[in-house]
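Below, chain A is the first sequence line, B the second, and so on; all start at residue 1.
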Amino acid sequence: MPELPEVEVIARGLGATLVGRVVSDVEPVDSTRLSEAADTLVPKVLGGVVVGVRRRAKVLLVDLSDGAALAFHLKMTGRVVHGPMRPVERHDRTRFILDDGSLLCFADMRRFGYVRAFGPGELAHWDFLHRVGPEPLETDAAMLAGQVLTRAGRIKALLLDQAVVAGVGNIYADESLFRAGIHPQARGNRLGPALAERLFAHLQDVLRQAIAENGSSIRDYVNASGDAGAFQNSFAVYGRQGLPCAACGTTLASTKVAGRTSTFCPRCQQRR
DNA sequence: CGAACCACCTGACGGC
DNA sequence: TGCCGTCAGGTGGTTC
């Protein structure tokens with residue numbers, strides 16, 4: 001489900017209500033394969049005070065006192081919502097009860113996502129954090145361009161590769177390629193520095209705009225308060241195959257790249 | 001290194 | 001109404 005903007009919106013929302021709260025209880029409602037076993041997770045977080053909430057790539061990180069942490073990956077359908085205590089619902093996976101009686105609930109219909117707990121100092125050793133590439137909103141567009149200029153793979157596949165650039169998924173890959181006028185099957189090493197830099201500048205724009213609009217809600221995404229985003233109303237290409245291009249009127253086409261549906265304008269996106 | 005698979009899961013939707 | 005195939009904001013593994 002969520003890509004960088006959605007996870008960023010969740011992190012900011014959680015930061016506003018969660019910092020200072022103490023984890024007073026953990027309810028592992030359904031830990032089959034998606035959370036680590038309750039007997040190892042609970043001791044690492046119980047009694048911890050939330051000192052901050054942040055995002056790295058598509059992972060949501062809740063920092064606790066003494067250097068402990070929780071990490072959530074929402075994959076396609078995960079949610080992390082903080083609100084008043086309520087009864088267990090169908091897709092609840094792991095529930096954290098806080099000292100003010102409120103509920104931090106991790107739910108995931110498809111059960112692809114996970115929550116992991118880290119004891120003091122353990123987060124720094126998590127191999128995920130060492131594998132993932134640069135943050136697109138904290139890195140110069142020309143530097144990001146350097147990540148693809150020597151790669152022979154399809155630019156769409158490179159954008160989706162978390163080691164190339166962190167946090168980009170199917171929606172924002174397609175939207176930024178449209179804005180840059182680049183065909184999703186273009187080879188990274190055929191773009192040239194100027195066009196590649198332009199692509200990443202557009203990527204930065206579209207990510208910032210999506211964050212400002214509270215993310216994109218297609219089916220499942222909600223922010224930390226349970227509210228939908230609005231950026232789905234601004235999609236130029238994602239999910240619009242067969243509809244006219246807003247720029248030129250040409251019927252939008254779609255193809256598969258890296259196993260993912262890629263929608264593009266055959267007229268506006270010829271650069272390859 | 002890159003591409004094409006499959007796998008993990010559940011649910012919604014369209015066709016027959 | 002119901003069964004079946006297809007598709008979905010993601011990643012990780014295998015094989016060629």
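Here the P atom of nucleotide dC13(B) and the CD1 atom of I218(A) are 14 Å apart, to the nearest Å. Atom-to-atom, CG of D108(A) to C1' of dT10(B) comes out at 9 Å; the value is rounded to the nearest Å. Spacing between atom CZ of F112(A) and atom C1' of dC9(B) amounts to 5 Å, rounded to whole angstrom units.
In this model, the phosphate group of dT11(C) is approached by a side-chain N or O of K58(A) to a distance below 4.0 Å at OP1 or OP2. Applying the 4.0 Å criterion to OP1 and OP2 of dG12(C), one finds that R131(A) has a side-chain N or O inside that range. Phosphate proximity of dT10(B) to H91(A): absent, as no side-chain N or O sits under 4.0 Å from OP1 or OP2.
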Determine, step by step, whether Y172(A) and E6(A) satisfy the side-chain hydrogen bond (donor to acceptor under 3.5 Å, both in side chains) criterion, reporting the C-alpha distance in whole Å, the side-chain angles of both residues, the deciding distance to 0.1 Å, and the verdict.
-> CA-CA 11 Å; Y172(A) 301 103; E6(A) 290 74 34; 2.6 Å; yes
Please step through side-chain hydrogen bond (donor to acceptor under 3.5 Å, both in side chains) for the pair T17(A) and H82(A), ending with a clear verdict.
-> CA-CA 8 Å; T17(A) 65; H82(A) 181 216; 2.8 Å; yes
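Between the side chain of R219(A) and the base of dA12(B), no donor-acceptor pair of N or O atoms lies under 3.5 Å. In this model, a side-chain donor or acceptor of R110(A) finds a partner on the base of dC9(B) within 3.5 Å.
Of the options H125(A), H130(A), R131(A), a side-chain hydrogen bond (donor to acceptor under 3.5 Å, both in side chains) to D127(A) is made by R131(A) and by none of the others. Tested against N170(A) for a side-chain hydrogen bond (donor to acceptor under 3.5 Å, both in side chains), the candidates K156(A), E3(A), E175(A) yield a single pass: K156(A).
Against DNA chain C, the stretch residues 144-161 of chain A makes no heavy-atom approach under 4.0 Å. DNA chain B is contacted by R187(A) of residues 177-188 of chain A, taking any non-hydrogen atom closer than 4.0 Å. A heavy atom lying under 4.0 Å from DNA chain B marks none of the residues of residues 230-247 of chain A.
Ion pairing of D108(A) with R111(A) is absent here, as no side-chain N (NZ or NE/NH1/NH2) approaches a carboxylate O to less than 4.0 Å.
Heavy-atom minimum distance, R260(A) versus L160(A): CG-CD1, 3.8 Å. The minimum heavy-atom distance linking C265(A) with T250(A) is given by the pair SG-CB, 4.1 Å. Nearest heavy-atom pair across H73(A) and K75(A) is ND1-N, 3.0 Å.
Ring planes of W126(A) and Y114(A): perpendicular class, angle over 60° (limits at 30 and 60°).
Checking M109(A) against A258(A), the closest nucleotide of DNA chain C that is more toward the 5' end is the one next to M109(A).
Hydrophobic cluster membership for F178(A): V237(A), L252(A) (Ile, Leu, Val, Met, Phe, Trp, Tyr linked by side-chain heavy atoms under 4.5 Å, directly or transitively).
With sequence neighbours left out, Y238(A) forms a ring-ring contact (aromatic ring centres under 6.0 Å, His included) with F235(A).
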Can you give the dot-bracket line for DNA chain B, where a pair is Watson-Crick or G-U wobble with both atom distances under 3.5 Å, crossing pairs use [ ], and | marks a partner on another strand?
-> .|||||||.|||||||
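Going from the P atom of dT11(C) to that of dG11(B) covers 22 Å, rounded to whole Å. dC6(B) sits 15 Å from dG5(C) when the P atoms are compared, rounded to a whole Å.
Cation-pi geometry between R219(A) and Y221(A) is not met at under 6.0 angstrom from the ring centre and within 45 degrees of the axis.
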